[in-house]
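Structure record follows, encoded as structure tokens.
Chain identifiers are assigned alphabetically (A, B, ...) following the order of the sequence lines, protein sequences preceding nucleic acid strands; residue numbering begins at 1 within each chain.
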There are 2 protein chains.
Amino acid sequence: MQKQPTIRDVAQAAGVSVAVVSRVLNPGSGPVAALTRSKVSDAMETLGYHPRTAARELKHGPPTTLGLLLADVSNPFFAHLADLVVQEAHSRGIQVLLMTTQEDDRLESERLATLIERRVSGIIATPTGNNLEIWKKLQDLGTGVVFVDRSIPEMPEVDVVSINNVESARSATALMAAHGHRRIAIISGPATSTTGRDRVAGYQEALREAGLAEDRTLIRSAAFRGTSGGDAVTALLNLQDRPTALVVANTAQVTAVLRRLAHAGISIPDELSVVVFEDSPWTELMTPPLTIIRQPIDMLARHSVQLALSNANGTTTGKPTTVRVDAELVERSSVVAPKTA
Amino acid sequence: MQKQPTIRDVAQAAGVSVAVVSRVLNPGSGPVAALTRSKVSDAMETLGYHPRTAARELKHGPPTTLGLLLADVSNPFFAHLADLVVQEAHSRGIQVLLMTTQEDDRLESERLATLIERRVSGIIATPTGNNLEIWKKLQDLGTGVVFVDRSIPEMPEVDVVSINNVESARSATALMAAHGHRRIAIISGPATSTTGRDRVAGYQEALREAGLAEDRTLIRSAAFRGTSGGDAVTALLNLQDRPTALVVANTAQVTAVLRRLAHAGISIPDELSVVVFEDSPWTELMTPPLTIIRQPIDMLARHSVQLALSNANGTTTGKPTTVRVDAELVERSSVVAPKTA
DNA sequence: TTGTAAGCGTTATCAT
DNA sequence: ATGATAACGCTTACAA
């Protein structure tokens, strides 16, 4: 186990001062003679020198790391988002500290404390909805905060990047209505989440447009974690006047819902038409291939990183930005006209 | 945008010296009077003080971050691994820097350079197979290096955590043989990867045990990225003597394979029995439910973190550790006896 | 063009 | 029990 050479070792080996080494390390920070430069480079090479990030950051170096705080990474949607955020960040020379909250605001506050201590330049997060004060503080500190996928209504000053939740749920529901369904159910995220609320709003809008009456028993919100989606299905199936169509607007609960449906022996789309908010490749491999709402995750990733970085150092342009990208309804074969009973 | 208070500000506000503040920050580092402690705590509270990690690390503080270098995080297997690694690390107060290589050794070397500069205490990685010198250097530097899922044969000195690839492929193949299949194909990872080679070895072993002759045309290695799995399927289907069973041992190519199979109108398991190395929930939702090899990802995550951390600071116990956990063959409905032609 | 030296925010060693 | 003060490795005026 060898000891790490410092800038001083390099300077000595090259027969110059540390200032010169620093200059070749940071091109543009000052003049260096070509010959000197190569001598220094050689020294760095032979010594196997690597500048220490911690020291650089301490000396008000531009913070080069970004926090990515997600609910969890097992969820394919978040996994894909993480993948793209990392790629996008790397292409800008930024590193990503990955953290998860498990939808637990207690854990969230701990993670945020760590992020504060690290003085990350920005944070891209799916907030639990609490810890308002900490988020505020982060912004005051000049951290670029961006909420992705969801937001916190009480915090309109934070930038948000998400799909148009209202519109996507509306289009999914409208598709059902267009096929002649009159009893359309929705399983959404918890009512405390903006995605949950917005998607239900879109659903209601579609109902209104189709001249359909709203039935509260057909609106089920399921927690993101656990198997709440399955229970929602069971509840729906136990209704005396069962729905003929179902919009699964809670991405984290899609497999739980489908599993319960399969278990109950419900045949899709004969007994139940289905649209899910989930665009993993496997949705196309199902029998029948599922009609889905596809989220442009690459757009979400790109905008999140860009905003987080541009908001860093309090370079906030004043009014908060809200990026709302359109999701795409991909029609496959899980929606058909209801059986006339 | 407020300025961040330093330890000096706290000291001043509390009317003590910085040394005292540092002591209350690091309990056990020295005596502090109870009254003093509370005064300091109050000052920290009202000022909203957070110690700066960069400064602490500079002052030979225990490195508290770990690098997780994966091929990509879109792959559900890696995503799940990342999720659990993060959880495990957090439970030990360690942070995780997430990076991806896209299976590109050029990118890998860049990421590794960054990790060296950050002086991370450990790295958990799915190596591309190259950059041998850098990996060696990392170890010399006292970084705890752990290869997960795959390994590099030329680097027996590095700890490895993976499933028993030989045995899992053997059991999957043996299942086919037990059902009476005689033409069993396998689509594995590239021959340059240890997982690819090991799984093929297990496949061959099972063939031998079943007294079946090996047919080279039934062994297809597909790259991890892209849609190479689909091409392998097509090649297999074009054989004049088609296989009646297929082991998909390349996790990253499972959906590509299934998609091509569906596209070709091959019915599972009637025309082709299938076992896949992939345990995402959706495999159970397919028609028919897929027989799979389930990897105990939680074990992989736990051991990886533990090893990476214990190997840090050159605390290497001498001989490298190899943790090989057993994968589980979960029989569902995608394997049946071959149709007697 | 290059060198000197003063920080950056902590921790740790001595004194007091 | 508390306080000065010297590092830690790097950047950056300011000199030379």
Rounded distance (Å) that lies between atom [atom2] of [N] and atom [atom1] of [X]:
X       : N      : atom1 : atom2 : answer
B:Arg56 : D:dC10 : CZ    : P     : 21 Å
A:Met44 : D:dC10 : CE    : C1'   : 14 Å
B:Lys59 : C:dG9  : NZ    : P     : 16 Å
B:His50 : C:dT10 : NE2   : C1'   : 16 Å
A:Ile7  : C:dG3  : CD1   : P     : 12 Å
A:Arg8  : C:dA6  : CZ    : P     : 13 Å
B:Leu58 : C:dG7  : CG    : C1'   : 12 Å
A:Leu25 : D:dT12 : CG    : C1'   : 14 Å

Between B:Ser17 and A:Asn26, just flag the one whose closest nucleotide in DNA chain D comes earlier from the 5' side.
->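 The residue mapped nearer the 5' terminus is B:Ser17.
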**Report entry** Pairwise 5' ranking along DNA chain D for B:Arg23 and B:His60, keeping only the more 5' one
**Finding:**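 Checking each residue's closest nucleotide, the 5'-ward one belongs to B:Arg23.
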Would you kindly say whether [X] and [Y] are connected by a side-chain donor-acceptor distance under 3.5 Å?
X        : Y        : result
B:Thr101 : B:Arg111 : no
B:Ser74  : A:Asp83  : yes
B:Thr53  : A:Arg119 : no

Practice prompt. Determine the contact category for A:Val32: base if any of its heavy atoms lies under 4.0 Å from a base atom, sugar-phosphate if only primed atoms, P, OP1 or OP2 are that close, otherwise nothing.
Written response: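 Touches sugar-phosphate only.
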Taking the side chain from B:Glu108 and the backbone from B:Thr128, do they hold a donor-acceptor pair closer than 3.5 Å?
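Side chain of B:Glu108 to backbone of B:Thr128, a donor-acceptor pair under 3.5 Å: yes, one is there.
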Next item on the list: By nearest nucleotide on DNA chain C, pick out whichever of A:Val18 and A:Arg37 is the more 5' one.
Entry: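 Whichever sits nearer the 5' end wins; that is A:Arg37.
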Given that A:Arg119 and A:Ala19 both sit by DNA chain C, which one's nearest nucleotide is further toward the 5' end?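 Looking at the nearest nucleotide for each, A:Ala19 comes out on the 5' side.
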For D:dT2, does either OP1 or OP2 sit under 4.0 Å from a side-chain N or O belonging to B:Thr36?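 Affirmative; the distance criterion is met.
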Distance below 4.0 Å between B:Ser22 side-chain N/O and C:dT11 OP1 or OP2: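 Looking at the OP1 and OP2 atoms of C:dT11, one of them is under 4.0 Å from a side-chain N or O of B:Ser22.
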Tell me, please, which residues at least two apart from B:Phe147 pass ring pair (Phe, Tyr, Trp, His ring centres under 6.0 Å).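 Result, ring pair (Phe, Tyr, Trp, His ring centres under 6.0 Å) vs B:Phe147: B:Trp135.
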